[in-house]
Structures are given as C-alpha cells and as structure tokens.
Engineer: 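Following this message is one structure expressed as structure tokens.
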Amino acid sequence: QKEVEQNSGPLSVPEGAIASLNCTYSDRGSQSFFWYRQYSGKSPELIMFIYSNGDKEDGRFTAQLNKASQYVSLLIRDSQPSDSATYLCAVIRYGQGNLIFGKGTKLSVKP
Amino acid sequence: GAGVSQSPRYKVAKRGQDVALRCDPISGHVSLFWYQQALGQGPEFLTYFQNEAQLDKSGLPSDRFFAERPEGSVSTLKIQRTQQEDSAVYLCASSLGTSERYNEQFFGPGTRLTVL
C-alpha cells in the first residue's frame with residue numbers, strides 16, 4: 001500500500017460543475033496536507049494547504065481534512081476548462097520536512 | 001521576486017556521463033528540496049537542505065547521486081555515471097521556514113534529463 005493514494009482518473013466533469021478529488025494517507029503521523037496542480041509538461045503549483053480537521057476555503061477551492069478517517073479532499077466549484085490538469089495530493093509526516101506525493105488524479109473539464 | 005529557477009531546463013546525456021543540475025531557490029528561503037518525477041508518477045523525494053546542512057538524503061537512489069548547497073543558497077545535484085533509469089524530471093523546491101508543519105514548498109520548472 002502506497003503511503004498516499006489517489007484515484008488516477010481521468011475524472012471528467014462538465015464546465016460549471018463541482019469537481020471532487022480525493023486522497024487517503026496511511027501514516028497517522030502525517031500532519032500537513034497539500035494540494036498541487038500540475039499542467040502537462042509543467043512543474044507542480046501549490047493550490048491549497050490544510051493542517052487542521054475541517055474545511056478550508058480559498059476562492060473556488062475547498063480543502064477538507066478528516067484525520068480520523070485519514071482522508072483529505074479538494075473541491076473545485078464552477079469548474080473551468082483551464083482547471084484541466086493533474087492534481088497531486090501530498091503530506092508531510094511529523095518530524096520530517098519532505099513532501100510525500102500520491103500519483104495524482106487527472107481532471108478533465110469539458111466545455 | 002523571482003521564483004525558484006533551475007538550469008539547464010533540458011539535458012541529454014550519454015550513458016556513463018556525469019551531469020550537474022542547478023537550483024536557485026527563492027531569496028531568503030531556508031529549506032531546499034530535490035525531487036525526481038518519472039512520467040505519470042508523483043514526485044519522489046531525494047534530499048533536503050536547511051541552509052547549508054543536508055538534513056536528509058534518504059531518498060537518493062544510489063551513491064552515484066550527490067547534492068550540495070555550500071553557501072546555503074544555490075544547490076547542485078550531481079549524478080555520476082548516468083544510467084538510463086536516471087531519465088526523469090528533477091524538481092527543486094524551496095520553502096521559507098524550517099518547521100515541518102508550516103512548510104509550503106514552491107517548485108522550480110524542473111530539469112528534464114534524458115540518458116541515451
């Protein structure tokens with residue numbers, strides 16, 4: 001079992017819909033959680049980070065963390081074709097500095 | 001106010017050749033990370049510096065890989081005697097803090113290494 005698991009997709013949603021991206025992690029010592037967006041041929045770009053249980057909203061993006069279930073998600077409201085990319089979930093374990101990434105979920109937003 | 005920069009952006013090496021990849025972090029960022037990303041995979045951690053100190057090199061795949069950050073700013077990742085399996089995108093990231101909790105990392109554009 002990989003430490004960070006994501007459905008590789010592709011996840012296809014129509015323009016204007018809500019896209020829901022999910023991630024589970026296996027190490028209960030994980031304490032920081034990140035969502036990166038990666039366009040094809042480009043490097044990862046930080047979208048959101050969350051440290052505490054609950055929801056965190058930033059514009060069209062909402063990150064949700066449930067430490068009891070070891071689950072973190074990203075909701076994208078009013079999805080746009082420009083949101084089409086691979087979304088990488090990453091965690092940092094307590095006492096460490098490096099990010100541990102999932103394989104990413106490919107999102108396609110159809111006009 | 002530039003972001004993380006990396007050079008070269010593309011490198012083609014013959015098997016057995018040595019290569020050096022450079023990373024220039026965001027000014028003032030204390031922490032610097034190297035990751036390796038294979039096609040279709042998430043980035044995999046290689047090594048981590050806090051200022052000039054290499055705090056973690058557990059992700060380096062073999063002793064052919066070596067990284068340094070002698071003055072706590074620019075870092076170089078060196079790969080000796082390159083092999084075809086070293087072909088990947090090498091990503092550098094930097095973060096402002098030293099706390100593992102508040103550690104938002106910002107990535108450079110990467111160096112795509114192809115070993116023939």
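Fair warning: this is a prediction, and the values are worked out from it, not measured in the lab. Residue numbers start from 1 in every chain, and the chains themselves are labelled A, B, ... in the order their sequence lines are given, proteins ahead of strands.
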Engineer: Test of understanding: clusters of I, L, V, M, F, W, Y form through side-chain heavy atoms closer than 4.5 Å, transitively. Do A:Phe33 and A:Ile76 belong to the same one?
Structural biologist: yes
Engineer: If hydrophobic clusters are built from ILVMFWY residues whose side chains come within less than 4.5 Å, do B:Ile26 and B:Leu91 share one?
Structural biologist: yes
Engineer: Taking 4.5 Å as the heavy-atom cut-off, does anything in residues 99-111 of chain A contact chain B, and if so which residues?
Structural biologist: A:Leu99, A:Phe101, A:Gly102, A:Lys103
Engineer: Do B:Leu46 and B:Leu55 share a hydrophobic cluster (ILVMFWY, side-chain heavy atoms under 4.5 Å, transitive)?
Structural biologist: no
Engineer: Select all residues of residues 106-116 of chain B having any heavy atom within less than 4.5 Å of some heavy atom of chain A, and report them by number, or 'none'.
Structural biologist: B:Phe106, B:Phe107, B:Gly108, B:Pro109
Engineer: Do other residues, nucleotides or ligands put more than 12 heavy atoms under 6.0 Å from A:Lys2 NZ?
Structural biologist: yes
Engineer: Do the side chains of A:Leu88 and B:Pro43 get nearer than 4.5 Å, heavy atoms only?
Structural biologist: yes
Engineer: Answer with side chain, backbone, both or neither: which region of A:Gln38 has an atom nearer than 4.5 Å to a non-hydrogen atom of chain B?
Structural biologist: side chain
Engineer: For atom NZ of B:Lys57, decide whether the heavy atoms of other residues, nucleotides or ligands shown that lie under 6.0 angstrom number more than 12.
Structural biologist: no
Engineer: Kindly check if the number of other-residue, nucleotide or ligand heavy atoms within 6.0 Å of CZ (B:Arg15) is above 12?
Structural biologist: no
Engineer: Could you tell me whether a side-chain N or O of B:Gln105 sits under 3.5 Å from a main-chain N or O of A:Gly97, the two making a donor and an acceptor?
Structural biologist: yes
Engineer: What distance separates A:Asn98 CG from B:Tyr48 OH, expressed to the nearest 0.5 Å?
Structural biologist: 9.0 Å
Engineer: To the closest 0.5 Å, what do you measure between CD (B:Gln37) and OG (A:Ser43)?
Structural biologist: 9.0 Å
Engineer: Output all residues satisfying side-chain hydrogen bond (donor to acceptor under 3.5 Å, both in side chains) with B:Gln41, sequence neighbours left out; order by chain, then residue number.
Structural biologist: none
Engineer: Going by salt bridge (charged side-chain N to carboxylate O under 4.0 Å, His left out), name the pairs with one or both residues in residues 81-95 of chain B, residues two or more places apart or in two chains.
Structural biologist: B:Arg64-B:Asp86
Engineer: Quick check on the hydrophobic clustering: are B:Leu77 and B:Phe33 connected, directly or via other members, by side-chain heavy-atom contacts under 4.5 Å?
Structural biologist: no
Engineer: So if you build clusters from Ile, Leu, Val, Met, Phe, Trp, Tyr with side-chain heavy-atom gaps below 4.5 Å, do B:Tyr35 and A:Phe34 land together?
Structural biologist: yes
